[in-house]
Colleague: 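Would you mind keeping the following structure in view while I ask a few things?
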Amino acid sequence: MNGKYNASKLALSLIKDEMTIGIGSGSTVEVFLNLLGEKIRNERLRIYGIPSSYQAMLVGLRNGIILTDLAERQPDICIDGADQVDSQLNCIKGGGAALTREKILAHASEKVFILVDESKLVEKLSMPVPIEVLPFAYGYVFKKLSSICKPKLREGKGKVGPLITDNGNFIIDCDFGVLSDPEAIEAELNSIAGIVENGVFTSELIDAVIVGSDSSAKFRKPEFR
Ligand code: 5RP
């Protein structure tokens with residue numbers, strides 16, 4: 001928990017009055033938003049936010065963030081978490097099934113910061129890649145995926161049947177083993193008709209990963225920045 005807190009504390013120093021934030025999803029983002037809420041109240045800031053999920057929307061509202069959307073504002077900064085981060089700072093996201101809007105917000109934002117605790121760091125990405133799929137295309141996509149990975153339909157919690165994303169779609173978790181070329185896999189997945197988006201976020205998209213440990217946090221930037 002301290003790692004998430006320390007990463008969030010450091011990310012807070014990036015936020016200035018009147019900024020618009022692309023708000024990712026997950027427990028780390030929630031820690032960040034709770035700290036931001038305190039800052040908004042103490043310093044009487046006006047902070048705008050574009051949420052990537054209903055979770056982000058509700059936690060943002062509770063913390064005094066003024067909700068807006070991409071039709072109205074461009075995010076100055078995107079703050080998000082990740083499920084795995086490799087040594088090149090490529091990420092896998094989508095453990096919370098919010099990957100599509102998260103990726104749109106990352107692309108739309110001036111700067112992108114990913115907040116993680118040390119447990120998310122790996123040498124090579126290896127967890128199953130979450131893929132958002134249009135229900136209409138499920139059968140076709142599942143068959144296509146079966147030739148390149150081990151696909152598994154994600155089940156809902158608190159309901160029977162598949163998990164339904166905030167966009168009304170399914171999630172297929174696709175096990176490739178170790179991802180030797182994340183960029184190629186991202187492109188290959190998105191070339192399959194019916195796949196809305198996938199959870200590979202390559203380092204080109206990311207300005208820095210903020211890694212929190214039990215005692216501190218630091219910025220890690222992709223080599224080319
Ligand atoms: C949601 C995500 C999250 O950022 C990711 O799952 C990390 O979550 P947490 O901060 O709870 O570990 O990609 O789709």
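Being a predicted model, the structure only gives us computed values, none of them experimental. Counting starts at 1 for both ligands and their atoms, in listed order.
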Colleague: For Gly49 and Ile23, which heavy atoms make the closest approach, and how far apart are they?
Modeller: CA-CD1, 3.8 Å

Colleague: Which heavy atom of the protein is the closest neighbour of atom 10 (O) of ligand 1, given with residue, atom name and distance?
Modeller: Thr28 OG1, 2.6 Å

Colleague: Would you compute the distance between atom CD1 of Ile114 and atom NZ of Lys93 and round it to the nearest 0.5 angstrom?
Modeller: 5.5 Å

Colleague: Are any of the side-chain nitrogens in Arg62 or Glu30 under 4.0 Å away from the carboxylate oxygens of its partner?
Modeller: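 Answer for the salt bridge query: yes.
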
Colleague: For ligand 1, which atoms, with element, lie under 4.0 Å from some heavy atom of Lys120?
Modeller: 9 (P), 12 (O)

Colleague: Within ligand 1, which atoms have a heavy atom of Asp83 less than 4.0 Å away?
Modeller: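 Close to Asp83: 5 (C), 6 (O), 7 (C), 13 (O).
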
Colleague: Which one of Ala82, Gly94, Gly95 has a non-hydrogen atom at the shortest distance from atom 7 (C) of ligand 1?
Modeller: Ala82

Colleague: For Ala217, does its backbone N or O pair with a side-chain atom of Asn6 as donor and acceptor, under 3.5 Å?
Modeller: no

Colleague: Regarding ligand 1, does Val29 bring an N or O atom to under 3.5 Å of one of the ligand's N or O atoms?
Modeller: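 In this structure, Val29 places no N or O atom under 3.5 Å from an N or O of ligand 1.
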
Colleague: For ligand 1 and Gly26, I'd like to know whether there is a polar contact (N/O to N/O, distance under 3.5 Å).
Modeller: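 No - when backbone and side-chain N and O of Gly26 are compared with those of ligand 1, no distance drops under 3.5 Å.
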
Colleague: What atoms of ligand 1 come closer than 4.0 angstrom to any heavy atom of Ala97?
Modeller: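 Checking each atom against Ala97, I get 14 (O).
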
Colleague: Can you tell which of Arg101, Glu30, Lys4, Glu102 gets a heavy atom nearest to atom 1 (C) of ligand 1?
Modeller: Glu102

Colleague: With atoms numbered from 1 as shown, which atoms in ligand 1 lie under 4.0 angstrom from a non-hydrogen atom of Asp80?
Modeller: 4 (O)

Colleague: Could you tell me whether a side-chain N or O of Asn169 sits under 3.5 Å from a main-chain N or O of Thr165, the two making a donor and an acceptor?
Modeller: no

Colleague: Ile195 and Leu189: which non-hydrogen atoms are nearest, and at how many Å?
Modeller: CD1-O, 3.3 Å

Colleague: Could you tell me whether Glu186 and Lys103 make a salt bridge, using a distance below 4.0 angstrom between a side-chain N and a carboxylate O?
Modeller: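 A salt bridge links Glu186 with Lys103.
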
Colleague: Just need the protein heavy atom nearest to atom 3 (C) of ligand 1, so name the residue and atom and give the distance.
Modeller: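 Closest protein heavy atom to atom 3 (C) of ligand 1: Ser25 O, 3.3 Å.
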
Colleague: Taking all non-hydrogen atoms of both residues, which atom of Leu89 and which atom of Ile206 are closest, and how far apart?
Modeller: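 Closest heavy-atom pair between Leu89 and Ile206: O-CD1, 3.6 Å.
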
Colleague: Report the part of Ser53 in contact with ligand 1, treating N, CA, C, O as backbone and CB onward as side chain, heavy atoms under 4.0 Å; options are side chain, backbone, both, neither.
Modeller: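 Looking at Ser53 and ligand 1, no heavy atom falls under 4.0 Å.
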
Colleague: Are more than 12 heavy atoms from other residues, nucleotides or ligands located less than 6.0 Å from atom NZ of Lys144?
Modeller: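 Result for NZ/Lys144: open.
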
Colleague: Considering Ser27, Ala56, Gly96, Gly199 one by one, which has a heavy atom nearer to atom 9 (P) of ligand 1 than any of the others?
Modeller: Ser27

Colleague: Which of the atoms in ligand 1, numbered in the order shown and given with their element, are less than 4.0 Å from a heavy-atom of Gly81?
Modeller: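 Matching atoms, with element in brackets: 4 (O).
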
